[in-house]
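Working notes, beginning with the structure itself.
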Amino acid sequence: MKKGDHLFLVDGSGYIFRAYHALPPLNRKSDGLPTNAVLGFCNMVWKLMQDARNTNVGITPTHFAVIFDYSSKTFRNELYAEYKANRSAPPEDLIPQFGLIREATRAFDLPCIEMEGFEADDLIATYCRLACEAGGDTTIISSDKDLMQLVGPTVSMYDPMKDRQIGIPEVIEKWGVPPEKMIDLQSLTGDSVDNVPGVPGIGPKTAAQLLEQFGDLDTLLARAGEIKQEKRRQAIIDNADKARISRDLVTLKNDVPVVEALGDLVLQPPNGPRLIGFLKAMEFTTLTRRVAEATDSDVATIDAAALTIETGDAAHGPDVGAGAPAAARAQTQPAVEQSATAAMDSSRGNVEGTVSGLVATRIQQAAVAKFDPTAYVCVRDVATLQSWIAEARETGTVAFRAETTSLDPMQAELVGFSLATRPGRAAYVPLAHRTADDDLLGGGMAPEQISFEAARDALAPLLADPSVLKIGHNVKYDWLVLRRHGLLMQPYDDAMLLSYVLDGGTAGGHDIASLADKWLGRAMIPYKDLVGSGKKLVTFAFVEIDRATSYSAEGADVAFRLWQVLKPQLAAKRLASVYERLERPLVETLAKMEERGISVDRQMLSRLSGDFAQRAAALEDEIYQVAGERFTIGSPKQLGDILFDRMKLPGGSKTKSGQWSTTAQVLEELAAEGYELPRKIVDWRQVTKLKSTYTDALPEYVNPSTKRVHTSYALAATTTGRLSSSEPNLQNIPIRTAEGRKIRTAFIADKGNKLISADYSQIELRVLAHVADIPQLKQAFANGDDIHAATASEMFNTPVEGMPREIRNRAKAINFGIIYGISAFGLANQLSIPREEASDYIKKYFERFPGIRDYIESTKASARELGYVETIFGRRIHYPEIRSSNPSIRAFNERASTNARLQGTAADIIRRAMIRVDKALEDAGLSARMLLQVHDELIFETAESEVEATIPVVREVMENAAMPAVALSVPLQVDARAADNWDEAH
DNA sequence: AGGTTGACATA
DNA sequence: GTATGTCAACCTT
């Protein structure tokens with residue numbers, strides 16, 4: 001090696017893990033062998049070798065090597081036995097890829113270097129030194145912070161997934177210290193992943209500050225007494241040894257006796273046929289073609305290579321791949337579900353060939369496509385806006401994103417919007433940005449912006465054009481903001497909902513940033529970077545237009561690309577009907593419900609607040625009296641100390657963090673034994689909870705212009721398909737206690753109107769009776785019997801007439817237990833009985849209802865095999881951890897998955913009802929408006945005169961909501977009532 | 001200022 | 001035993 005030469009060192013082991021987690025699952029089509037990390041690796045190496053202009057590296061390598069860890073045991077374990085001790089085993093579908101990636105390295109004709117007793121990082125450090133001594137430069141292909149200590153004038157790093165160079169300035173920016181101080185910094189912070197201890201309580205910020213102050217670790221440890229902050233000083237003095245051990249662990253060894261010399265690492269031109277043979281064997285069609293073009297080879301004449309390594313029994317492994325054999329899976333569907341989905345899904349039959357080919361191509365393209373924020377356009381005049389609109393008309397698809405003054409769509413004013421017409425081509429249109437300084441009213445309008453009216457007139461025809469598909473992410477928000485500005489957006493697709501349907505239950509949220517990271521490998525600009533936080537929070541109107549452009553156009557660009565990746569997967573996975581019938585139509589339904597809002601009686605709430613405050617104050621006095629001291633009653637920690645340490649009350653139990661538990665259950669038990677204080681605490685908690693969460697908080701949510709409360713429903717928040725409600729949460733308004741119910745009476749109909757509450761009776765048990773096909777339960781529901789009494793009668797051979805309350809309650813608890821995925825532990829807890837007794841109940845229950853045990857077992861087995869469960873409408877809910885070797889994690893996933901089929905099916909049914917009910921009311925000439933959904937209950941507001949006509953329409957829609965997709969073998973029953981307030985209507 | 005924990009409201 | 005969201009206290013940065 002000589003001056004001017006350039007060595008590329010790929011951190012192979014680091015890349016494997018990162019690629020595995022960053023890239024969507026991918027399986028070899030012929031046998032399901034997992035290959036996502038292998039594909040990522042091959043794409044990356046090919047790009048690096050092929051042409052440095054493709055990446056930010058901008059340098060062509062002369063020498064090239066891929067470095068791996070040999071095993072998990074190294075000399076560092078001698079130094080510190082705990083080193084990397086808490087590493088868990090790699091995921092199952094990653095294991096076969098370790099060998100494949102080494103094989104890939106050899107197929108590229110690259111040196112594949114590893115050495116027993118040393119980590120890849122030590123080998124990298126050694127080659128960096130050798131290259132430097134020979135006068136050459138080095139680029140380390142990795143973003144691992146452990147390697148940043150090597151960065152210097154001749155050594156830099158390159159993050160292949162973010163396409164980013166890491167040199168001395170980047171290290172300083174990220175960690176606050178130059179590379180040569182990284183070792184000292186890591187010695188202080190430690191590393192929880194590698195189990196490097198560091199100094200507890202010292203994070204990167206503090207460490208950087210200390211090193212800035214003292215220069216280096218040795219000086220810091222020697223002069224630790226000078227540190228002003230008491231806790232910090234003590235921590236460093238007490239843990240100096242740990243810091244020194246940590247330094248030994250994080251310092252990379254740069255004198256490993258390596259076998260391959262630098263001369264052995266000279267980069268050879270690619271051996272086309274050999275590489276193509278391997279890529280063919282992996283079934284990487286796109287990359288195979290690319291390599292063939294670049295090396296001028298004929299793919300057809302090259303045979304797929306025989307792999308030399310053991311790839312394991314992958315064909316029977318989990319089938320979670322994006323390009324997975326959906327057709328094969330369809331044949332294993334239970335017949336009942338098959339018919340349900342078949343009835344709904346018109347796009348079936350087209351699952352293989354073109355569709356899955358498109359899916360694979362799109363995923364690959366998206367993962368490697370570049371982002372160029374400088375290419376985004378800022379539109380300042382109507383003519384340019386018109387040209388973008390014309391472009392959107394031509395392509396027929398356009399991503400849209402609104403920027404506003406508020407996260408609350410009911411208060412948001414439009415500040416600007418973005419359009420994207422294809423990946424990388426996006427424009428931001430500022431409308432109402434303001435300047436920061438200027439007058440007292442909060443600044444003047446920024447110059448050179450299109451007026452809202454002009455933009456609206458230009459945009460309206462495009463947004464409403466039935467032949468142009470609008471793409472968004474969380475469309476409900478944009479749809480509602482636009483509607484409030486007089487604009488209708490239709491038709492649309494929502495990337496968030498696509499992800500929710502495709503990947504419900506898998507780790508990671510469906511927010512745009514997570515999806516951009518997951519599918520596009522793109523770290524988006526955080527919203528907070530623009531608007532700040534805390535005291536410095538500003539509305540989007542005060543964001544500089546240049547920054548707003550980069551941010552907002554990126555949002556539209558990302559939405560467009562996500563849609564390209566996700567939409568084709570719907571058909572390939574037979575989920576198109578779930579998206580089209582259960583998700584997308586709800587956007588508009590929910591937006592309208594949110595827009596309508598509900599009236600609350602503020603006077604009543606304020607009066608209740610006063611009552612609760614008085615009651616709480618009285619209880620506080622009594623509590624201090626009995627306790628003999630004043631303390632913070634709301635602090636479980638202080639309360640636990642007083643009850644169990646100072647007053648020595650019996651029967652205390654601990655929470656998982658080791659504190660005394662002071663839950664209502666514990667306090668109730670103590671109260672039952674005659675202690676005075678616990679009862680008062682329980683009462684105090686109830687009153688303060690009602691006050692702070694409801695009577696104080698609700699009036700704050702009354703919208704100043706509509707005078708009503710507008711909740712926000714999340715469509716993609718729950719794993720099971722339920723909605724969730726927030727700001728305020730109107731799905732947990734009290735009902736169980738008399739005090740709490742008073743809050744419900746504050747939800748009222750407007751003058752001349754009534755509220756109608758319509759709720760499904762026992763919907764989840766009915767779903768259970770249907771899917772598990774239980775004759776006794778079906779009969780009981782058909783008869784209209786009291787289902788808990790019927791269960792008790794069957795279990796205990798007791799007639800329903802004259803049945804003691806207690807017996808029915810037990811059956812009721814068991815019925816709920818079945819829905820929740822029963823365990824003896826949980827049932828015992830619920831009924832306050834010994835576990836053995838609970839166990840006997842369950843046994844008896846299964847004897848009488850063997851079909852339910854069979855149903856639970858078959859659900860678990862299928863969830864275990866497929867990695868997901870399905871509702872009867874085909875919604876898929878993933879449980880990737882159901883095969884965990886940890887018994888408690890596994891058991892939890894089993895309970896959750898059995899519950900999800902029932903809860904999810906019930907959620908799907910009410911979704912279907914909600915989607916249909918508006919039209920049914922309209923067709924019946926009724927003016928009732930749906931306001932709220934509480935999982936199995938719908939609340940409407942309607943003119944008093946129409947109540948009698950409305951109830952049968954609502955009931956009809958709800959009771960027949962499963963039809964025609966599924967004909968339930970159990971009737972659905974809906975109870976409905978009208979009143980002036982929610983409490984009396986329910 | 002932001003995140004975590006324990007408690008508790010609902011279906 | 002399932003699924004959520006909010007609040008107050010407390011801890012860390």
Side-chain angles (χ1 to χ4, degrees), chain A residues 200-209 229 231-232 505 528 532-537 631-640 655-667 681-682 685-686 688-694 696-698 711-714 717-737 739-741 743-744 759-760 762-764 813-831 835 838 842 856 877 891-904 906-907 910 933-937 986:
Chain A
I202 304 289
K205 298 287 173 212
T206 314
Q209 190 202 322
Q229 297 90 334
K231 271 186 143 175
R232 197 174 287 179
K528 263 186 21 192
S533 66
K535 273 188 190 167
K536 279 182 279 184
L537 186 77
F631 64 103
T632 308
I633 305 169
S635 163
K637 183 170 145 57
Q638 293 186 34
L639 177 64
T655 68
K656 63 170 185 268
S657 67
Q659 287 297 320
W660 290 112
S661 167
T662 64
T663 63
Q665 195 179 0
V666 169
L667 299 181
I681 302 284
V682 169
R685 278 194 184 153
Q686 189 201 21
T688 54
K689 174 79 179 177
L690 295 176
K691 180 171 186 290
S692 67
T693 309
Y694 303 103
D696 286 351
L698 277 171
T711 184
S712 172
Y713 287 106
T718 71
T719 43
T720 54
R722 274 190 176 179
L723 305 176
S724 78
S725 154
S726 63
E727 292 181 297
N729 181 353
L730 296 185
Q731 290 181 323
N732 71 345
I733 301 303
I735 192 167
R736 285 172 206 205
T737 66
E739 292 290 278
R741 288 177 83 121
I743 292 162
R744 273 195 181 222
D759 68 300
Y760 284 107
Q762 306 293 354
I763 187 166
E764 288 174 0
I814 293 171
N815 278 334
F816 273 95
I818 296 295
I819 292 167
Y820 294 158
I822 199 153
S823 79
F825 181 86
L827 185 63
N829 231 6
Q830 177 66 33
L831 289 173
R835 227 183 51 202
I842 295 171
I856 290 172
I877 302 148
F892 174 80
N893 277 273
E894 288 172 353
R895 290 195 298 272
S897 60
T898 38
N899 169 257
R901 275 183 88 182
L902 306 174
Q903 195 184 108
I910 198 166
Q933 188 251 41
V934 191
H935 308 308
D936 63 2
E937 175 188 15
H986 186 81

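Below, each value reflects all heavy atoms present in this structure, side chains not excepted, and no hydrogens, waters or symmetry copies. Predicted, not measured: the structure shown is a model, and the values here were computed from it.
Computed from coordinates, the A:N729 CG to C:dA3 P distance equals 17 Å when rounded to whole Å.
Listed nucleotides: C:dA3, C:dA9, C:dG1. Nearest to the side chain of A:T720: C:dA3. Which of C:dA3, C:dG1, C:dA9 sits closest to the side chain of A:N829 comes down to C:dG1. In this structure, the nucleotide among C:dA9, C:dG1, C:dT2 sitting nearest to the side chain of A:L827 is C:dG1.
Between the side chains of A:T718 and A:S724, no donor-acceptor pair of N or O atoms lies under 3.5 Å.
A 4.0 Å heavy-atom criterion places the boundary nucleotides of DNA chain B facing chain A at B:dA1 to B:dA11, written 5' to 3'.
Contact check for A:T662 versus A:R685: side-chain heavy atoms found under the 4.5 Å cut-off.
Residue A:S724 places at least one side-chain N or O under 4.0 Å from the OP1 or OP2 atom of C:dG5. Here A:S635 reaches the OP1 or OP2 of C:dC10: one of its side-chain N or O atoms lies under 4.0 Å away. Contact between the side-chain N/O atoms of A:R722 and the OP1/OP2 oxygens of C:dA3 is not found at any separation under 4.0 Å.
Residue A:T688 is out of contact with every strand shown, counting any heavy-atom pair closer than 4.0 Å.
Judged by atom type and distance alone, A:Q731 does not reach the base of C:dT4 through any side-chain donor-acceptor pair under 3.5 Å.
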